[in-house]
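Lettering follows sequence order; numbering is per chain, from 1.
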Amino acid sequence: MPPSIEAGLIARAQAGDRQAFRSVVEHYQRFLYAVAYRYLGRADEAEDAVQETFVKLWKHFSRYRPEVPLSTWLYRILVNHCLDVGKSTAGRAQRNRQELSAALQIAAVDAMEWEHRETMDLIMEAASHLPDKQKWVFVLRDLQGLEVSEVCAILDCAEDQVKSNLYHARKKISKVLQPHQ
Amino acid sequence: MSDCPWEEQVWLFDELPTQQQAAVRAHVQECQTCGMIWHQAEAMKKIIRVLDPPQPEHAAALTHRVMNALPAPRKRAESWRWPRFSAAQALHATAVVLVLWFVLEHTGSTAPVAVHPHPANSVPLNTHAFVKKIYERKNKPQHSAWYARYQRLKKTSNGNYAELR
């Protein structure tokens with residue numbers, strides 16, 4: 001879970017203070033980008049998703065209640081946006097993987113870096129074949145490191161459901177990684 | 001495909017309470033299948049742990065782009081607008097106005113309403129007064145006092161009414 005920021009800053013941003021909102025953007029941007037990139041697989045789409053998430057937050061900030069952590073609120077907006085994007089660009093995922101692999105082969109200079117990037121590529125390739133729910137649970141819990149309770153709040157589902165999806169996702173991902181271990 | 005009922009718990013080891021984790025560890029030592037699954041799960045966690053989270057290439061540029069994408073704040077109109085009232089507020093105001101009007105109408109208002117000094121004795125409410133009024137009207141002299149005087153003078157003068165002045 002990203003570290004929380006000052007409640008007063010959130011309140012000022014909620015009231016329409018653009019400087020305060022900029023601070024909120026700078027604080028949460030990288031966490032949202034990481035999740036968006038891991039789900040969508042492309043840097044430009046991840047940046048678009050992050051931008052749309054913050055724009056939606058700005059427009060509907062009046063609905064936000066401090067009882068829910070702002071990070072959970074932001075992740076929820078991002079998940080909904082990525083699901084909409086994913087539905088419209090399903091066929092692009094396969095081409096993205098191939099482009100990424102080609103780009104990595106050219107760009108990689110360090111063996112360790114290459115190994116990490118290849119592994120990340122493999123994980124993302126495996127995750128792209130998962131159903132949406134399993135993919136989100138895997139990205140949020142295992143890749144992003146969020147707690148199960150927060151994943152439940154973001155995806156609005158019960159803990160049992162999250163754990164069940166996590167079990168299936170881990171099993172499938174591990175099967176893909178096994179020959180490379 | 002493993003048939004061991006502990007398989008799911010091995011995969012979800014990190015999500016289990018501490019007591020359950022101890023039980024799973026003990027089982028993994030005894031069950032060969034679960035032992036293999038345990039190693040696979042641990043290897044996957046190790047791989048994921050060393051991966052750096054993806055970061056935007058130009059974070060400052062992304063922030064700038066986000067801020068530019070925000071809608072401009074709406075300017076509030078300078079002209080006066082009708083205040084908005086809820087239905088409850090409008091009903092309350094109407095009730096207050098009606099009560100005030102009623103009170104003013106019936107307590108010392110200057111409206112030209114005839115007030116009878118003795119309402120109980122008025123003709124519409126009192127049968128005796130009603131009958132008396134009819135009798136008086138019937139027995140009332142046909143002519144007024146001026147007319148009677150005129151008739152008297154006519155008899156005594158020759159049409160010259162200068163004496164009357």
For the residue pair [X] and [Y], establish whether any side-chain heavy-atom pair is separated by less than 4.5 Å.
X       : Y        : answer
A/Arg38 : B/Pro53  : yes
B/Met44 : A/Lys175 : no
B/Trp11 : A/His168 : no
A/Phe54 : B/Met67  : no

- Item | Inter-chain contacts: residues 7-18 of chain A against chain B, heavy atoms under 4.5 Å | A/Arg18

Quick check on [X] against chain B: is it the side chain, the backbone, both or neither that has a heavy atom closer than 4.5 Å?
X       : result
A/Gln29 : side chain
A/Tyr28 : neither
A/Val55 : both

Separation of [Y] [atom2] from [X] [atom1] (nearest 0.5 Å):
X        : Y        : atom1 : atom2 : value
B/Leu62  : A/Tyr33  : CG    : OH    : 8.5 Å
B/Arg65  : A/Asp48  : CZ    : CG    : 4.5 Å
B/Leu70  : A/Gln51  : CG    : CD    : 9.0 Å
A/Leu166 : B/Leu12  : CG    : CG    : 5.5 Å
B/Ile47  : A/Ile123 : CD1   : CD1   : 6.5 Å
A/Arg170 : B/Asp14  : CZ    : CG    : 5.5 Å

- For B/Glu15 and A/Lys163, work out which heavy atoms get closest and say how close. O-NZ, 3.7 Å

- Query: Looking at B/Ile48 and A/Asp142, what are the two nearest heavy atoms and their distance?
  - Reply: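 For B/Ile48 and A/Asp142, the tightest heavy-atom pair comes out as CG2-O, 3.4 Å.
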
Over 12 non-hydrogen atoms of neighbours within 6.0 angstrom of [atom1] in [X]:
X        : atom1 : result
B/His92  : NE2   : no
B/Lys45  : NZ    : yes
A/Asp156 : CG    : no

- Query: Same hydrophobic cluster for A/Leu155 and A/Leu83, using side-chain heavy-atom links shorter than 4.5 Å among ILVMFWY?
  - Reply: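 Yes: a chain of side-chain contacts under 4.5 Å links A/Leu155 to A/Leu83.
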
- Item | Shared hydrophobic cluster, B/Leu51 / A/Leu130 (ILVMFWY, side-chain heavy atoms < 4.5 Å) | yes

- Which answer fits B/Gln55, side chain, backbone, both or neither, if we ask what part of it has an atom under 4.5 Å from a heavy atom of chain A? backbone

- Item | Among the listed options B/Pro71, B/Ala60, B/Ala69, the residue most often paired with chain A at heavy-atom distances under 4.5 Å | B/Pro71

